[in-house]
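The following block contains the structure, expressed as structure tokens.
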Amino acid sequence: MQSVKSVISRLGLIICATLLVSACAEPSSANLQQAWQLQGSSLEQPPTIEFNQKTEVFGLTGCNRFHGTYTVGKNGSELSFSPIAVTKMMCAPDQMEAEQAFLEALNQVQSFNIEADTLHLLGRNTTAAPLMSFTVVTKKQLD
């Protein structure tokens with residue numbers, strides 16, 4: 001008969017292993033839930049995107065604000081957006097052009113990955129260059 005200490009010790013190992021596996025199952029979806037700023041934008045107000053725990057996505061296109069919802073697939077890297085609602089302010093032509101490109105790229109997103117503090121939004125071909133890359137930013141940086 002096993003001692004109580006032995007049983008408790010084994011239970012502890014099983015619980016630790018279970019927690020470790022569940023923590024590793026979707027590490028990137030939890031890391032997704034923050035604010036990001038588009039890399040390489042020449043606009044005065046670069047596009048931003050923010051994901052929250054309620055599966056809401058919102059941000060700035062470089063001209064207008066947008067809002068919608070997102071879904072992370074079961075594998076933890078698939079990503080899709082609901083139809084995105086966008087305000088309709090007129091901006092300078094270069095901002096409007098950047099906004100259109102940004103929104104078109106969001107419609108093509110099918111997955112993502114995060115490397116250090118960089119979010120890469122990927123299209124159908126995950127081996128091709130990312131559709132867009134973002135750097136994590138703080139709320140204070142966004143204001």
Smallest heavy-atom separation, His120 atom then Ser133 atom, equals ND1-OG, 2.7 Å
Review point. Taking C-beta and beyond as the side chain, do Asp94 and Leu43 meet within less than 4.5 Å on heavy atoms?
Key: yes
Interatomic distance, CD@Glu56 vs OH@Tyr70, rounded to 0.5 Å, equals 9.0 Å
To the nearest 0.5 Å, atom CD of Gln95 lies from atom OG of Ser41 at 9.5 Å
Verify same cluster id: Val136, Leu131 (apolar side-chain graph, 4.5 Å)
yes
dist Asn107:CG -> Phe102:CZ (nearest 0.5 Å) comes out at 10.5 Å
Ser111 and Gly123 have their tightest heavy-atom pair at OG-O, 4.3 Å
Between the CD atom in Gln39 and the OG1 atom in Thr118, the distance rounded to the nearest 0.5 Å is 5.0 Å
*Stepwise side chain to side chain contact (heavy atoms under 4.5 Å, CB included) test for Val72 and Thr55*: CA-CA 9 Å; Val72 175; Thr55 70; over 6 Å; no
The reported gap from CG in Asn64 to CD1 in Ile84 (rounded to nearest 0.5 angstrom) is 13.5 Å
With Trp36 as partner, the option from Thr48, Thr135, Ile114 fulfilling side chain to side chain contact (heavy atoms under 4.5 Å, CB included) is Ile114
**Message:** Within the structure provided, determine whether Leu119 and Asn31 are in side-chain contact (heavy-atom separation under 4.5 Å).
**Reply:** no
How far apart are the C-alpha atoms of Met89 and Arg65, what are their side-chain angles, what is the distance that settles it, and do they pass the side chain to side chain contact (heavy atoms under 4.5 Å, CB included) test? CA-CA 9 Å; Met89 298 184 309; Arg65 299 215 167 271; 6.0 Å; no
**Prompt:** Please walk me through it: do His67 and Thr87 pass side chain to side chain contact (heavy atoms under 4.5 Å, CB included)?
**Reply:** CA-CA 9 Å; His67 184 270; Thr87 59; over 6 Å; no
Is any side-chain heavy atom of Val57 closer than 4.5 Å to one of Phe66?
yes
So CG of Leu32 and CD of Glu50: to nearest 0.5 Å the spacing works out to 10.5 Å
inquiry  = Would a single hydrophobic cluster contain both Leu60 and Phe81, if residues Ile, Leu, Val, Met, Phe, Trp and Tyr are joined by side-chain heavy-atom contacts under 4.5 Å?
reply    = no
With a 4.5 Å limit on heavy-atom distance, are the side chains of Glu99 and Val86 in contact?
-> yes
Heavy atoms of Leu79 and Phe112 approach each other most closely as CB-CD2, 3.7 Å
- Hey, are the side chains of Pro130 and Leu122 touching, using non-hydrogen atoms and a 4.5 Å cut-off? yes
- [ ] Could you check Gln100 against Glu104 for side-chain hydrogen bond (donor to acceptor under 3.5 Å, both in side chains), going step by step and ending with a plain yes or no?
- [x] CA-CA 6 Å; Gln100 188 62 35; Glu104 286 175 9; 3.1 Å; yes
